[in-house]
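These numbers were taken from a predicted model, which means no experiment stands behind them. By convention in this document, chain letters (A, B, ...) are assigned in the order of the sequence lines, proteins followed by strands, and residues within each chain are numbered from 1.
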Amino acid sequence: MMPQALKDAVLTALVAFGLFAPMVGLRTDVGPSGALVLRQRWGDVAILVGLAFAGRLALLAWRAARGEPRPQSTARAEAIRRAGRLVAPLLLAVAVLLPFMPGTGRYELDLGILVLTYVMLGWGLNIVVGLAGLLDLGYVAFYAVGAYSYALLATTFGLSFWVCLPLAGILAAFWGILLGFPVLRLRGDYLAIVTLAFGEIIRIVLLNWVSLTNGPNGVSGIPRPTFFGLTFSAGGGPGSFADFFGLEPSPSHRVIFLYYLILALALITNVISIRLRRQPLGRAWEALREDEIACRALGINITTTKLTAFALGAMFAGIAGSFFATRQGFISPESFTFIESAIILAIVVLGGMGSQIGIAIAALVMIGGFEVFRDLDEWRMLVFGLVMVMIMVLRPRGLVGHRTPSVALGERRMISAEHVAEGHG
Amino acid sequence: MLRVDAVSTGYGAVQALRDVSIEVAQGEIVTLVGANGAGKSTLLMTICGDPRARTGQVVFEGRDITRLPTHEIMRLGLAQVPEGRRVFPRMSVLENLLMGAQVAGHDPAPLLHQVFALFPRLQERQTQRGGTLSGGEQQMLAIGRALMSKPRLLLLDEPSLGLAPLIVRQIFAAIRELNEKEGLTVLLVEQNANQALRLAHRGYVLVNGRITLRGAGRELLAMPEVRDAYLGGGH
């Protein structure tokens, strides 16, 4: 055991050396005369290689001490499920009451809005990835379509937010179908590559079609949403929200309104996903994820099943996108880069594909955590990556890896993820 | 009930079926035997429209289904138990069964009752994941799932694959029961020629994509060519 662990750790150290020697060990600086000089930093490389060596050894020791992973007992799974039943209402209560909690300021609300936007995006992508099993790496494209739909419709035609919201959803769904058609026959890695390209195409078109989108300068002056026609102007005045309800004009009204708006939109996404999962369409999505050939044999129309998943997932992204546009008041292609798709996908995967509550928790951890570690500056990404690795090592099926059957005769029992090996579902 | 008329098909440049004609009459069990790669599964899949017949015709209950899309063919009253069972591993037994009733559009409750009566084991395991069942139970589930669409013709692709002899006997007994009691017509594809031909009213032998022999099940079983090719020592 021990010599093997040592050998493994030495190998890790070698790989680390190979990586760090050119990246950290050699550095070019501008010398006093203006020419480039090569600075060597072998001390730093030694520290990093040592860290990799020790880390690998510690990991192996920890694994050996932990022994083989035990299959989770039904009793324990049952206890987790009971606790899980409390988590969802608790989170919901906190979410609803957040604006009125002591200590909640502008910053907390803005963060809440951000987290909820990602919760909604996560739930939307979950339909495509978690339920239908179609790996989509270009989800941000639909978010962009929704944002630009609202921004352009509102600034060009003066349409109100409430008219544009469903329009943005429909337009994004349309693009979802458009993407869906060419990729109908693709699965897994191949599908991922095409969707990735699709996301980039949308972004590059937005960047270059200057006459329509104003290119890299973005669209500014996007109108803010109104509350049944009442505006949220900071100065109050006739026709404003504060004036109508006889309140002191305050900029926080709009933030609170936006907060509840995205909370409502996210909850609608959630309710629709949960309901659809129990419908034949939702069951067909899950069956499609499990085995496409069996679906064919059962007479499921693969084309419509896939396209509805793409369309619905895209629709929720589009709605979230138009919310993003109205909240920011300004959008540019910079907001819709690949990293956004990656973060949303990470939320879905870390949350446990297909689990609604898991995704909400993952969004909270990822987006909230990203803010909490803001002081760490460039170390933030490192911590972030470490957290993701930790989750995948400790809970390889995501935070909430079990799947509750959508139908049951009599008592509903949970199926623990541990009973099926990884890669089997 | 089902007539496959001079059908040829293949995958890309590979010709898998040449001029194959078979017929299945109402109430029959018809067995198709043949070696690995002879085209048995391809024939079953071609009946379902995937891959499509390049030439020839597939007629089900008097209707030409050669050009219909797969999902429409599967709604006409035929159901397929695919090769390798292909149950949905993360879905419960009950969900698997309901998937079978999905497109038929009728009330699944009485059929569920019938399937549970045929395979009581499935009722015991209804909350369990499909992927955690044993091979035999998965085969029962795959057959049960196909029955949930209330088919008049059941296409079975190698139901004995990888199962213990005792379980194979159980599965075959269930097929016989379905045929005798419910009047279900069955087209069975098998490598296990001995038992499959014993079960069948009629049979066909497929070699390299062509039908080489046809006849009553027991007659075929007695033919020296069949004995040599499919029963020699193996089973």
Side-chain angles (χ1 to χ4, degrees), chain A residues 71 74 77-78 130-133 184-185 277-306 352-355 397 401-425, chain B residues 41 44-45 48-50 68-105 108-109 112-113 116 123 125-133 138 141-142 145-146 148-149 151 155-157:
Chain A
T74 323
E78 195 66 18
L131 294 182
L184 272 175
R185 305 177 54 141
R277 201 170 91 82
R278 298 192 186 138
Q279 303 286 324
L281 179 63
R283 214 178 297 133
W285 285 338
E286 287 202 90
L288 187 69
R289 175 192 67 201
E290 308 275 291
D291 196 321
E292 192 171 326
I293 292 173
C295 278
R296 267 177 214 280
L298 295 175
I300 306 288
N301 187 339
I302 304 286
T303 310
T304 51
T305 309
K306 279 191 181 178
M353 295 220 262
S355 161
R397 281 182 168 274
H402 64 75
R403 173 181 175 280
T404 316
S406 59
V407 282
L409 300 175
E411 209 216 342
R412 184 168 294 217
R413 256 204 291 161
M414 189 189 59
I415 300 166
S416 172
E418 271 71 13
H419 291 150
V420 169
E422 258 85 67
H424 277 242
Chain B
S41 295
L44 222 54
M45 295 302 288
C48 302
D50 181 26
L68 281 185
T70 303
H71 63 94
E72 278 180 35
I73 294 174
M74 303 318 291
R75 288 166 201 219
L76 295 176
L78 42 77
Q80 201 208 112
V81 181
E83 185 176 4
R85 309 185 267 273
R86 294 192 171 272
V87 301
F88 301 117
R90 290 186 72 194
M91 296 170 86
S92 71
V93 167
L94 188 63
E95 284 175 304
N96 264 282
L97 290 173
L98 288 179
M99 278 307 299
Q102 187 109 309
V103 295
L112 205 58
H113 213 71
F116 284 157
Q123 186 162 22
R125 313 246 150 158
Q126 56 174 296
T127 57
Q128 213 172 308
R129 278 171 188 252
T132 63
L133 299 180
Q138 288 192 10
L141 181 55
R145 188 176 62 183
M148 289 297 289
S149 68
L155 309 174
L156 282 156
D157 198 347

J.: Please classify the contact between B:Asn96 and chain A as side chain, backbone, both or neither, with a heavy-atom cut-off of under 4.5 Å.
T.: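 The answer is neither part of B:Asn96.
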J.: Please report the interatomic distance CG(B:Leu97) to CE(B:Met91), rounded to the nearest 0.5 Å.
T.: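 Those atoms lie 10.5 Å apart.
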J.: Would you please name every residue forming a side chain to side chain contact (heavy atoms under 4.5 Å, CB included) with A:Thr303, sequence neighbours left out?
T.: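 By the side chain to side chain contact (heavy atoms under 4.5 Å, CB included) rule, A:Thr303 matches A:Leu184, A:Asn301, A:Leu307.
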J.: Pick whichever of B:Met148, B:Arg145, B:Arg75, B:Gln80 has the most heavy-atom pairs under 4.5 Å with chain A.
T.: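 Top option by heavy-atom pairs under 4.5 Å: B:Arg145.
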J.: Are the side chains of A:Leu298 and B:Ser149 in contact, using a 4.5 Å heavy-atom criterion?
T.: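 No, every pair of side-chain atoms sits at 4.5 Å or beyond.
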J.: Examine whether an atom of B:Leu98 lies under 4.5 Å from a heavy atom of chain A, and if so say whether it belongs to the side chain, the backbone or both; otherwise answer neither.
T.: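 When you check distances to chain A, atoms from both the backbone and side chain of B:Leu98 fall under 4.5 Å.
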J.: Are the side chain of B:Gln128 and the backbone of B:Val93 linked by a donor-acceptor contact shorter than 3.5 Å?
T.: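 No, because the side chain of B:Gln128 does not come within donor-acceptor range (under 3.5 Å) of the backbone of B:Val93.
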